Visitor: 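Structure provided below as structure tokens; questions to follow.
Values in this document were obtained by computation on a predicted structure and should not be read as measured data. All ligand and atom numbering here is 1-based and tracks the order in the structure.
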Amino acid sequence: RSKQSQFKIVLLGESAVGKSSVVQRFVKNSFDEYRESTIGAAFLTQSIHLSKNDILSSGDNDNSITTDTIDDDGITVKFEIWDTAGQERYRSLASMYYRNANAAIIVYDITQLESLDKAKYWIKELQRQANKDTIIILTGNKLDLNDERKISIDDVNEFTSIYNLLNFEVSAKTGENVNQLFKDIAIKLVIK
Ligand code: GTP
Ligand code: MG
């Protein structure tokens, strides 16, 4: 049996939180200290392979996926990624990108308090306007700047538990947790 294996992902969040950097880390495994702010939106694709074990051992698998539903070689998932522009003047374009998204990664910067307010704004907007099936993942970036942290994981958990959202902390700079973020999203979408 063939499962859908191509998914659309959108990234949203305040300017300079590192949306493009997270995508660049995932797609090209590289990082730029000096990056131009995105204009409008950027489109990128990347594939990720899930082994049979990745899928079966996922804590979220409610046994609707069994050994027979997945090939022994696992599944290759292709992501179509819309990296939106965080600057205020582009805000009204966002709905075009999140409308049909299978997953939305809402990014904040763990060193910038206001960036969490903007993230909460996007989560509320998505819950009102987006497809009910869209998986929302709240992601704190710049984990390498842990010494300058202004937002604790507890601050965020309070919020994500109400809305039942996935919750990650990553660093585009060091790459910490970036692949894991996309892999977990892939698994969530595949077992859905
Ligand atoms: P817009 O396109 O304007 O919405 O911004 P963006 O969210 O795409 O941010 P971008 O990826 O352009 O990164 C903004 C700045 O933060 C750049 O100077 C990056 O080098 C820096 N940056 C991004 N990710 C990290 C990170 O994980 N750690 C550190 N220390 N800096 C980062
Ligand atoms: Mg950008």
Visitor: Ligand 1 versus Val17, non-hydrogen atoms closer than 4.0 Å: side chain, backbone, both, neither?
Guide: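 Under 4.0 Å from ligand 1, Val17 contributes backbone and side-chain atoms.
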Visitor: May I ask you to check whether Leu143 has an N/O atom sitting below 3.5 Å from an N/O atom of ligand 1?
Guide: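 In fact, backbone or side chain, Leu143 has no N or O that close.
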Visitor: Give the residue and atom name of whichever protein heavy atom lies nearest to atom 9 (O) of ligand 1, and the separation in Å to one decimal.
Guide: Gly18 N, 3.1 Å
Visitor: Minimum heavy-atom separation for Thr38 to Ala85, with atom names?
Guide: O-CB, 3.2 Å
Visitor: Quick check: does any side chain N or O of Lys192 sit under 3.5 Å from a backbone N or O of Ile135, one acting as donor and the other as acceptor?
Guide: no
Visitor: With the Mg ion (ligand 2) at the center, what angle do OG from Ser20 and OG1 from Thr38 span, rounded to 10 degrees?
Guide: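 The angle at the Mg ion (ligand 2) comes to 80°, rounded to the nearest 10°.
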Visitor: Looking at Glu33, which atoms of ligand 1 are within less than 4.0 Å of one of its heavy atoms?
Guide: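 Once the distances to Glu33 are compared, the set is 17 (C), 18 (O), 19 (C), 20 (O).
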Visitor: Within ligand 1, which atoms have a heavy atom of Leu145 less than 4.0 Å away?
Guide: 30 (N)
Visitor: Closest approach of Gln127 and Lys132, non-hydrogen atoms and distance?
Guide: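 Where Gln127 meets Lys132 most closely, the heavy atoms are O-NZ, 2.9 Å.
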Visitor: Would the distance check show the side chain of Ser152 and the main-chain N or O of Asp155 forming a donor-acceptor pair, the cut-off being under 3.5 Å?
Guide: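 The answer is yes, because a donor-acceptor pair under 3.5 Å joins these two groups.
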Visitor: Nearest protein heavy atom to atom 24 (N) of ligand 1, by residue and atom, and its distance?
Guide: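 I find the closest protein heavy atom is Asn141 ND2, 3.1 Å.
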Visitor: Checking the N or O distance criterion of under 3.5 Å, is ligand 1 in contact with Ala16?
Guide: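 It does: an N or O of Ala16 is found under 3.5 Å from an N or O of ligand 1.
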Visitor: Please find the pair of heavy atoms, one from Asn102 and one from Phe7, that lie closest to each other, and give the distance.
Guide: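 Scanning both residues completely, I find the closest heavy atoms to be OD1-CA, 3.3 Å.
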Visitor: Need the ligand 1 atom indices (1-based, order shown) with element for anything under 4.0 Å from a heavy-atom of Phe31.
Guide: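 Going through ligand 1 atom by atom, the ones under 4.0 Å from Phe31 are 20 (O), 22 (N), 23 (C), 24 (N), 25 (C), 31 (N), 32 (C).
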Visitor: Distance under 4.0 Å to a non-hydrogen atom of Ser21: what atoms of ligand 1 satisfy this?
Guide: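 Going through ligand 1 atom by atom, the ones under 4.0 Å from Ser21 are 10 (P), 11 (O), 13 (O), 19 (C), 23 (C), 24 (N).
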Visitor: Ignoring hydrogens and geometry, is there a side-chain-to-backbone donor-acceptor pair from Gln46 to Phe26 under 3.5 Å?
Guide: yes
Visitor: Would you say Thr139's side chain and Glu169's backbone share a donor-acceptor pair under 3.5 angstrom?
Guide: no
Visitor: Strictly by modelled atom types, are Asp109 and Ser115 linked by a side-chain donor-acceptor pair under 3.5 Å?
Guide: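 Side chains of Asp109 and Ser115: no pair found under 3.5 Å.
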Visitor: Any idea which protein heavy atom is nearest atom 30 (N) of ligand 1, and the distance to it?
Guide: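 Nearest neighbour among protein heavy atoms for atom 30 (N) of ligand 1, to 0.1 Å: Asp144 OD2, 2.9 Å.
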Visitor: For Thr38, take its heavy atoms, then give the atoms of ligand 1 lying under 4.0 Å from any of them.
Guide: 1 (P), 2 (O), 3 (O)
Visitor: Counting each atom of ligand 1 from 1 as listed, which ones have a heavy atom of Ser171 under 4.0 Å away?
Guide: 27 (O)
Visitor: For atom 6 (P) of ligand 1, what is the nearest protein heavy atom, given as residue, atom name and distance?
Guide: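 Checking every protein heavy atom, the shortest distance to atom 6 (P) of ligand 1 gives Lys19 N, 3.5 Å.
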Visitor: Under 3.5 Å, is there a donor-acceptor pair between the side chain of Asn141 and the main chain of Val17?
Guide: yes
Visitor: For atom 22 (N) of ligand 1, which of Arg25, Lys142, Glu176 has the closest heavy atom?
Guide: Lys142
Visitor: Quick check: Lys173 and ligand 1, any N/O pair under 3.5 Å apart?
Guide: yes
Visitor: In ligand 1, which numbered atoms sit nearer than 4.0 Å to a non-hydrogen atom of Gly86?
Guide: 1 (P), 4 (O)
Visitor: Which of the atoms of ligand 1 are close to Asp32, meaning less than 4.0 Å from one of its heavy atoms?
Guide: 19 (C), 20 (O)
Visitor: Is it the case that the side chains of Gln87 and Ser37 hold a donor-acceptor pair, with the cut-off being a distance below 3.5 Å and no angle test?
Guide: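 Note: Ser37 and Gln87 side chains meet the donor-acceptor criterion.
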Visitor: With distance as the sole test, does Asp54 use its side chain to make a donor-acceptor pair with the main-chain N or O of Ser51 at under 3.5 Å?
Guide: yes
Visitor: I'd like to check whether Arg35 has a polar contact with ligand 1, where a contact means an N/O of the residue lying under 3.5 Å from an N/O of the ligand.
Guide: no
